[in-house]
Asks: 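First the structure, which I've put down as structure tokens, then a few questions once you've had a look.
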Amino acid sequence: MQGRRLDAPVLPVSPALSELLPGGGLRPGSAYSLPMSSALLLALMAEASQTGSWCGVVGMPQLGAEAAEAMGVDLSRLVLIPEPGPRWLAVTATIADVLTVVAVRPTGRAPDGEIARLAGRLRERGAVLLVQGPWPQAEAILEVDDPQWSGLGRGHGYLAERAVTITSSSRRWPVPHRGRVLLPAAGGGVAPATQAPAPLERAELTPLARTG
């Protein structure tokens, strides 16, 4: 099977994320494996939606329109399917026929044959699949770690932004790429982390971390 060229046109992403993706954006016809991070998922969708691409989210009932808008997603081009039921893969394949970027959280293991058929449909339609969890033949596998919140003083204030390290592994690269970004940044969305925020004291971080 012929692979797509690294310099083929891609869907745009924020400059803070472009260096972490082969080709500098989301490659049509490809799938990406993501961690259970709604912020990263929405950040990857934001630029594409703002430049005219329709996006869909399947099987994420906790993901709301307010959070999507805060991360820069154009709500007029966002379709939410929170409860697809056991046929989540069929629902995903169907909307991949009409939407450019489709995100899904699998609720079970999919047969290899159905995954292969979905991959063929993505290539035919030029759609992008963002999967929260492992996925075969992913264009890139992204991981988020080392979170560090800032904005809180000693017993007062509000969490303003979170710096994280994103690691991207791809068969197109000999070694993984890593970058430090603000996710979310103080004004919403994603931005490069120019410097690491001061760590919070454990007693201040723990109660708030449970809600975010």
Side-chain angles (χ1 to χ4, degrees), residues 2-55 57 63 67-74 77-78 100-104 119 122-123 126-151 160-199:
Q2 184 176 1
R4 293 175 178 266
R5 302 194 324 272
L6 193 60
D7 60 350
V10 296
L11 296 179
V13 297
S14 166
L17 300 174
S18 61
E19 294 298 321
L20 299 170
L21 298 173
L26 298 174
R27 193 176 304 280
S30 299
Y32 296 81
S33 175
L34 310 180
M36 297 294 180
S37 169
S38 296
L40 177 58
L41 175 74
L42 294 171
L44 288 169
M45 284 185 163
E47 292 286 329
S49 71
Q50 291 171 14
T51 54
S53 295
W54 279 83
C55 302
V57 179
L63 190 150
E69 187 174 34
M71 291 304 298
V73 176
D74 182 351
R77 295 185 178 275
L78 178 65
T100 306
V101 182
V102 180
V104 62
L122 293 174
R123 289 191 297 271
V128 171
L129 182 66
L130 305 176
V131 184
Q132 284 195 337
W135 196 255
Q137 299 298 313
E139 176 74 7
I141 301 171
L142 304 183
E143 299 175 346
V144 174
D145 57 22
D146 194 19
Q148 204 169 53
W149 283 97
S150 65
E161 59 188 18
R162 180 184 65 165
V164 298
T165 298
I166 298 179
T167 302
S168 176
S169 304
S170 173
R171 61 185 183 277
R172 298 182 184 273
W173 292 332
V175 295
H177 288 203
R178 304 183 78 220
R180 190 77 173 163
V181 302
L182 299 177
L183 187 69
V190 58
T194 56
Q195 61 182 24

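Numbers for residues simply follow the sequence, beginning at 1.
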Asks: Please report the interatomic distance CG(Leu183) to OG(Ser37), rounded to the nearest 0.5 Å.
Replies: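 Spacing of CG (Leu183) from OG (Ser37) equals 5.5 Å.
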Asks: Hey, is CD on Gln50 packed in by over 12 heavy atoms from elsewhere, all under 6.0 Å?
Replies: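 Counting neighbours around CD of Gln50, more than 12 heavy atoms of other residues, nucleotides or ligands fall under 6.0 Å, so yes.
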Asks: Find the distance between OG (Ser33) and CD (Glu139) and round it off to the nearest 0.5 Å.
Replies: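 So the OG of Ser33 and the CD of Glu139 are separated by 12.5 Å.
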Asks: Between Arg178 (side chain) and Thr165 (backbone), is there a donor-acceptor pair under 3.5 Å?
Replies: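 Not at all, since once roles are kept as given, no pair shorter than 3.5 Å links the two residues.
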Asks: A side-chain contact here means heavy atoms from C-beta on lying under 4.5 Å apart; do Val10 and Leu21 qualify?
Replies: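 Contact flag for Val10/Leu21 side chains = no.
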Asks: Looking only at heavy atoms, which two atoms of Ala103 and Met45 are closest? And how far apart?
Replies: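 Here Ala103 and Met45 meet closest at CB-CE, 3.4 Å.
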Asks: I need the His177 NE2 to Thr167 OG1 distance, nearest 0.5 Å.
Replies: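 So the gap between those two atoms works out to 11.0 Å.
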Asks: Is Cys55 close to Arg77 at the side-chain level, that is, under 4.5 Å between some pair of heavy atoms?
Replies: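 A side-chain contact is absent here, since even the closest heavy-atom pair is not under 4.5 Å.
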Asks: If you define the side chain from C-beta out and look only at heavy atoms, does anything of Leu40 sit under 4.5 Å from Pro35?
Replies: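 The answer is yes, as the side chains (C-beta and beyond) meet within the 4.5 Å cut-off.
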Asks: Is any side-chain heavy atom of Glu47 less than 4.5 Å from a side-chain heavy atom of Leu17?
Replies: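 A side-chain contact is absent here, since even the closest heavy-atom pair is not under 4.5 Å.
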Asks: Looking at every non-hydrogen atom in both residues, tell me the closest pair between Pro28 and Gly126 and how far apart they are.
Replies: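 Nearest heavy atoms, Pro28 then Gly126: CB-O, 3.3 Å.
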Asks: Provide the closest heavy-atom pair for Leu11 versus Ser53 in the form atom of the first, atom of the second, distance.
Replies: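 Minimum heavy-atom separation between Leu11 and Ser53: CD2-OG, 4.0 Å.
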Asks: Any side-chain heavy atom of Arg180 within less than 4.5 Å of one from Gln148?
Replies: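 Answer yes - side chains close enough.
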Asks: Only distances under 3.5 Å count here; give the side-chain donor-acceptor pairs of residues 127-136 to other protein atoms, sequence neighbours excluded, each with its distance to 0.1 Å.
Replies:
unit_1: Gln132; atom_1: OE1; unit_2: Arg105; atom_2: NE; d: 2.7
unit_1: Gln132; atom_1: OE1; unit_2: Arg105; atom_2: NH2; d: 2.7

Asks: Can you tell me how far CZ of Arg171 sits from CD of Gln137, rounded to the nearest 0.5 angstrom?
Replies: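 Answer for the CD-CZ pair, Gln137 versus Arg171, is 6.0 Å.
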Asks: I need the minimum non-hydrogen distance between Leu78 and Ala68, along with the two atoms involved.
Replies: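 Answer, listing the atom of Leu78 first, then Ala68: CD2-CB, 3.8 Å.
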Asks: What are the two closest heavy atoms between Arg162 and Pro147, and how far apart are they?
Replies: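 In terms of heavy atoms, the two residues are closest at CD-CB, 4.0 Å.
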Asks: Just how far is it from atom CG of Leu34 to atom OG of Ser168, taken to the nearest 0.5 Å?
Replies: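 Leu34 atom CG to Ser168 atom OG measures 10.0 Å (nearest 0.5 Å).
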Asks: Quick one: CG on Leu42 to OG on Ser49, what's the gap to the nearest 0.5 Å?
Replies: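 Rounded to the nearest 0.5 Å, the CG-OG separation comes out at 9.5 Å.
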Asks: Looking only at non-hydrogen atoms, find the nearest pair between Ala43 and Met71 and report the distance.
Replies: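 Closest pair (atom of Ala43, atom of Met71, distance): CB-CE, 3.8 Å.
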Asks: Can you check side chain to side chain contact (heavy atoms under 4.5 Å, CB included) on Tyr32 and Leu142, steps first, answer last?
Replies: CA-CA 8 Å; Tyr32 296 81; Leu142 304 183; 5.7 Å; no
